[in-house]
Structure formats: C-alpha cells, structure tokens
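We name chains A, B, ... by the order of the sequence lines, and we start the count at 1 in each one.
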Protein chains: 2
Amino acid sequence: MLHRRFISARYGAAHANSTSPHHDLMISKLENSFPLSAEEKQALLELPIQIVDIKPHQDIVKMGDKPSQCCLLLEGFSCVYKLSLEGKRQIMTMHIPGDIPDLQSLHLEIADINIASISACKVGYIQHKDLHRLCERYPRLTSAFWRETLVDAAIFREWLLNIGQREGYSRIAHLICELMMRLKAVGLTENNTFNMPVTQAELADATGMTPVHVNRVLQALRTDGLIISNKKQITIPDWQKLTEAGEFDPLYLHLNEKKVS
Amino acid sequence: MLHRRFISARYGAAHANSTSPHHDLMISKLENSFPLSAEEKQALLELPIQIVDIKPHQDIVKMGDKPSQCCLLLEGFSCVYKLSLEGKRQIMTMHIPGDIPDLQSLHLEIADINIASISACKVGYIQHKDLHRLCERYPRLTSAFWRETLVDAAIFREWLLNIGQREGYSRIAHLICELMMRLKAVGLTENNTFNMPVTQAELADATGMTPVHVNRVLQALRTDGLIISNKKQITIPDWQKLTEAGEFDPLYLHLNEKKVS
DNA sequence: CGAGCGCTTGATGCTAGTCAAAGCTGGTGG
DNA sequence: CCACCAGCTTTGACTAGCATCAAGCGCTCG
C-alpha cells in the first residue's frame with residue numbers, strides 16, 4: 001500500500017514568505033535556467049501537492065494511462081522505460097529530485113511510456129487542472145515548464161547518440177557524468193561523490209547492454225581509476241578523465257543558460 | 001548559394017479565406033490533433049514566412065548556433081543528428097513536410113543538435129519573435145506547438161527502444177513503418193507506396209548500424225516480402241507483417257488523439 | 001564516356017550477448 | 001544474535017550479431 005499524505009499547500013497572501021521544501025525544490029529547479037518574479041514564485045507555492053511514498057521498483061505511470069496529474073519527484077531516483085515485445089526493457093532517462101517525469105502528460109492524453117521508481121521515492125502529485133490554470137495566468141511559467149520538457153527531449157537525443165554510436169565503456173562513463181552533473185545542479189553531490197541507487201541490471205537497461213557486460217565495464221572503469229564505487233556511492237577521482245572516456249559535453253543539459261525572456 | 005524568396009504572407013481581414021499552401025501545411029498538421037478556431041487559423045495565416053530552397057545533405061542548423069528563427073519543413077526530408085568525437089553520426093529523427101524541426105529553439109537558446117537536409121528541401125523560416133507574439137495572444141496555439149515538441153520527444157524515446165533493444169532487422173522495419181505512418185498522415189503516400197530519398201548510409205546512421213549491414217538487412221526484408229523497393233520508392237505489400245517484424249505500435253506518434261482542451 | 005557516388009558482396013574479427021553457476025550482502029525471522 | 005533467503009554481483013566458457021576492411025559493380029550526371 002502507498003502511504004498517502006494530503007498536504008495543505010495553500011498559503012495566504014499574508015504568508016508571502018512561507019515556503020515548503022517540496023515547492024522550493026521545483027521553484028529552484030525552474031529558476032536555475034529561467035528567472036521568476038516574486039509573484040510567479042508565489043503562484044507556484046500555492047499549488048496543491050499531494051505527497052506519496054513509493055517503494056523501489058514500482059510503476060508510477062503505465063503505458064496507456066490517461067493521467068489527470070503530473071508527478072514531481074521529491075526524493076529518490078525514478079526512470080522512464082518501454083518494453084519490447086520480447087520483454088526487453090529500455091530505460092530512456094533517469095529522474096532525480098526536482099524533475100517532473102511526466103510533464104508531457106499535460107498535453108499528451110495517453111501515456112506512451114512507463115515510469116517506475118528505481119530507489120524508494122517520494123513524489124508529489126500536481127493536478128493537471130491546477131497546472132493549466134497556472135499556465136493560463138502566468139505565460140512565463142508556461143515557457144518555463146515547456147522548457148523543462150525540451151531539456152528532457154535533449155537528454156533523450158544525447159542518449160540516442162550514446163547508445164547508437166558509443167561502445168559500452170563510453171556509454172557507462174557518459175551516464176555517470178550526466179548523473180553527476182545533474183545531481184550537482186540540485187546540490188546532491190559532495191566532494192565528487194554521489195548516491196547512485198541503481199542496480200547493474202538497471203544500468204544495463206539504460207545503456208542497451210547486458211548486466212554481465214555492465215559488470216565487466218564497471219570493473220574496467222574501476223581499475224582504470226575513473227570511478228570509485230562503494231555500495232551505492234560513486235566517487236569520481238578525475239572528472240577530466242571520465243568526461244573524456246564518456247565524450248561528455250554538458251551543453252545538452254542546458255544548465256544555467258541565462259534566459260531572460 | 002541558397003535561393004531565397006521573400007514571401008509577403010500577410011493577409012488582411014478582408015481576406016479571411018485566403019490561403020497559402022505553406023501556412024496550410026502547418027495548420028493542417030496542428031489541427032490533426034488539436035482543433036483550432038477560425039481566429040487562431042487566421043492568426044497562423046498571418047505569420048510571415050521566408051521560403052528558402054536547400055540542397056541535399058546540407059546543414060540547416062549547427063550545434064552551438066543561437067537561432068532567432070524556427071524552420072518549417074515544406075518539401076523534402078531533413079534530419080536531426082549529432083556526431084561522436086570519433087566522427088560517427090547518429091541521426092535522431094527524420095522530418096517530413098509539415099514538421100518544424102527546431103521548434104525547440106524557441107526556448108533553448110543554444111542549439112545542441114545539427115539539422116541537415118536529406119533530400120533537396122524547401123523550408124520556411126519563421127521568426128521567434130513572431131511565434132512568441134502569437135503564443136502570447138493565443139494560449140491554445142502555445143499548447144499546440146508545445147504538444148508538437150512533446151511528440152518529437154516521444155519519437156526520440158521510441159528510437160531509443162528501437163536502437164537499444166531491437167536487432168537490425170527489426171530496427172529497419174520499424175523505421176519504415178514510422179515513415180509510412182507519418183507520411184500517410186500528411187497525405188504523402190499512395191497505395192502503400194511512398195518516396196524515401198534516404199541513402200543506405202543515412203539509414204545506417206539512423207539505426208546505429210553500418211551501411212554494409214543495412215544493405216544486408218534490406219535484402220532480407222525484400223526476400224521476405226516485407227518491402228518492395230524501386231529506386232527511392234518503397235512499397236509495403238503486407239503492412240501487418242512489416243509491423244510485426246518492426247514491433248511497430250503507432251501509439252507514440254499520438255496521431256488523431258481527439259484533444260479538446 | 002568517364003567520374004563519383006551509392007549499392008553489393010566476401011572474408012575476417014571483435015564487441016557484446018547468452019548460458020550457467022558460484023560468491024556476496026543485506027534484510028528477515030526465529 | 002545468528003541462520004537463512006533473495007536479490008545482486010562476479011566469473012567463466014562459448015557464441016552470435018554486427019563491424020571492419022577491401023574490392024567490384026552499376027547507376028546517373030556532367
């Protein structure tokens with residue numbers, strides 16, 4: 001059973017400075033690349049969010065669903081995946097806290113993907129109707145959300161290059177670089193170390209490889225001194241070398257573009 | 001040299017029924033999944049478009065560019081691609097008439113992709129500022145354009161599944177199914193036949209294979225009776241069998257969802 | 001009619017897949 | 001607190017799909 005908590009997330013005008021950690025996560029993410037006015041932030045703070053805890057490896061959205069809400073990832077890792085007819089799974093992106101995995105459902109009625117937790121997660125559900133109302137009133141927020149979906153698409157494209165043209169060693173290195181960079185942007189790294197609660201089987205599904213081969217590549221990366229892994233902790237001793245191995249260029253993440261619309 | 005024609009695409013209110021084939025292409029595409037009011041259509045018709053002819057295999061947008069306009073593909077095929085450091089090319093999607101290949105540039109300042117023609121093309125450039133103004137005034141058009149970029153993303157995801165998890169034979173079959181379906185939606189097929197001005201080397205770049213292997217797979221598809229190819233014409237004698245071979249399910253294209261926002 | 005591009009074919013080898021089994025580890029219950 | 005179990009990781013042996021290299025063929029267009 002899911003553990004559900006209904007959070008009263010409405011703040012009166014008198015509490016303009018009130019904050020909620022959940023809303024702040026979303027706001028700081030949007031603001032990272034798109035400056036927001038006080039009024040726009042206030043409007044975001046007033047969004048009702050329903051908090052739900054999710055267990056590891058559990059579906060959040062299933063292909064064919066017609067969701068009436070978007071989910072904001074608050075804690076943990078989740079992923080988007082599809083299955084081939086033979087049951088092979090392709091993970092298309094991983095989401096970290098602050099991401100809105102199915103923002104696309106705002107304008108695509110039927111989900112064409114599955115979304116699942118990787119680790120235990122906490123997600124916040126936001127009703128489509130609330131988001132639509134917000135976008136109507138604040139066109140700049142529409143742009144900010146639209147932009148988020150465009151960055152998601154840029155990540156899919158980079159993964160296509162990764163899987164289509166690079167060999168196993170580079171693919172894994174690239175994925176680790178991306179996670180490092182994105183986690184750093186939301187303050188979830190420390191001394192080139194971060195938590196990666198991802199099994200080798202999941203890495204395999206994300207890189208189009210087999211678990212056996214992922215295991216061997218990880219060993220190679222370790223012996224080459226590109227990563228140090230301890231349980232689910234990854235440390236990157238030499239960022240330069242890892243980015244070279246993964247051909248990693250963070251342009252596609254569109255972090256910190258100074259966007260002044 | 002590019003052959004440039006500046007088309008005066010403005011129509012007065014007195015010409016509410018005036019049409020331009022270029023604008024109509026865009027309008028009918030948007031309307032396919034998102035009904036538009038007469039007023040919205042009129043506003044689209046008034047968009048200034050600058051028509052340019054492009055030769056085959058020519059870059060239209062380059063990584064690092066900061067475009068101030070979007071291009072609407074009017075004739076021919078184009079593609080989005082990226083290069084790995086070793087110079088290997090991954091094509092991420094193909095565009096057909098009616099598509100807007102770099103709509104993303106509306107909200108992502110720096111292009112993280114290259115866009116190139118495949119065949120000879122005719123494109124129409126639309127200034128960002130005109131699109132921004134349009135979106136401000138007609139929020140439903142914002143939604144329609146946003147939705148277009150979401151369908152693009154859905155195609156990237158399906159290609160990830162295709163390249164990551166399916167073998168060569170299925171990949172090519174899937175790609176042909178997708179092109180058939182999308183071309184049909186804009187009326188560019190006839191009796192299960194369509195024009196595919198794509199070289200085997202480009203098919204290879206699109207599917208993460210080598211040209212040699214693409215050649216062998218195409219021969220297999222032909223001898224299995226799944227496709228008939230004559231020059232650049234492709235005929236699909238048995239749609240059912242081809243979709244099975246390619247595991248093709250058109251859900252991800254989000255065609256004809258009755259969207260009544 | 002020759003040049004160039006794209007298509008086709010053959011021989012060979014590597015990357016990564018498959019199958020199988022054994023070690024590890026963390027969580028659970030007695 | 002220890003024993004056990006399940007899921008994850010690691011290892012080995014073998015194989016397949018696809019890449020690579022190389023050369024010849026056949027259009028089409030100037």
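Salt-bridge formation is not detected for the pair A:D224/A:K241: no Lys NZ or Arg NE/NH1/NH2 atom is positioned less than 4.0 Å from an Asp or Glu carboxylate oxygen. Contact check on A:E158 versus A:R166 returns a salt bridge, with a Lys/Arg side-chain nitrogen under 4.0 Å from an Asp/Glu carboxylate oxygen.
Look at CD on A:Q219: it is 13 Å from C1' on C:dG23, rounded to the nearest Å. Atoms CD1 (A:I163) and C1' (C:dT15) sit 16 Å apart, rounded to a whole Å. C:dG6 atom P lies 15 Å from atom CG of B:L218, rounded to whole Å. Separating the NZ atom of A:K55 from the C1' atom of C:dG27 is a distance of 15 Å, rounded to the nearest angstrom. Between the CE atom of B:M209 and the C1' atom of C:dA16 there is a distance of 16 Å, rounded to whole Å. Here the C1' atom of nucleotide D:dC18 and the CD atom of B:E167 are 11 Å apart, to the nearest Å. Protein atom CD of B:E86 is 10 Å distant from nucleotide atom P of D:dT20, rounded to whole Å. Look at NE2 on A:H213: it is 14 Å from P on D:dT10, rounded to the nearest Å.
Heavy atoms of B:R166 sit nowhere under 4.0 angstrom from any nucleic acid atom. Here B:T199 lies in heavy-atom contact (under 4.0 Å) with sugar-phosphate atoms only.
Around CD of A:Q219, the count of heavy atoms belonging to other residues, nucleotides or ligands within 6.0 Å exceeds 12.
Toward the 5′ end of DNA chain C lies the nearest nucleotide of A:G168, the other residue of the pair A:G168 and A:V212 mapping further downstream.
Evaluation of atom-type donor-acceptor distances gives no pair under 3.5 Å for the side chain of B:R216 against the base of D:dG17.
The phosphate of D:dG7 (OP1 or OP2) has no side-chain N or O of A:Q200 nearer than 4.0 angstrom. Remark: B:R222 is in phosphate contact with C:dT8, judged by side-chain N or O atoms under 4.0 Å from OP1 or OP2. For B:K232 and C:dC7, the shortest distance from a side-chain N or O to OP1 or OP2 is below 4.0 Å. Remark: A:N215 is not in phosphate contact with D:dT9, judged by side-chain N or O atoms under 4.0 Å from OP1 or OP2.
Defined by atom type and a distance below 3.5 Å, a donor-acceptor pair is present between the side-chain atoms of A:S229 and A:R222.
Taking the six-membered ring where the residue is Trp, B:F248 and B:H174 present perpendicular rings, their angle passing 60° and hence far from 30°.
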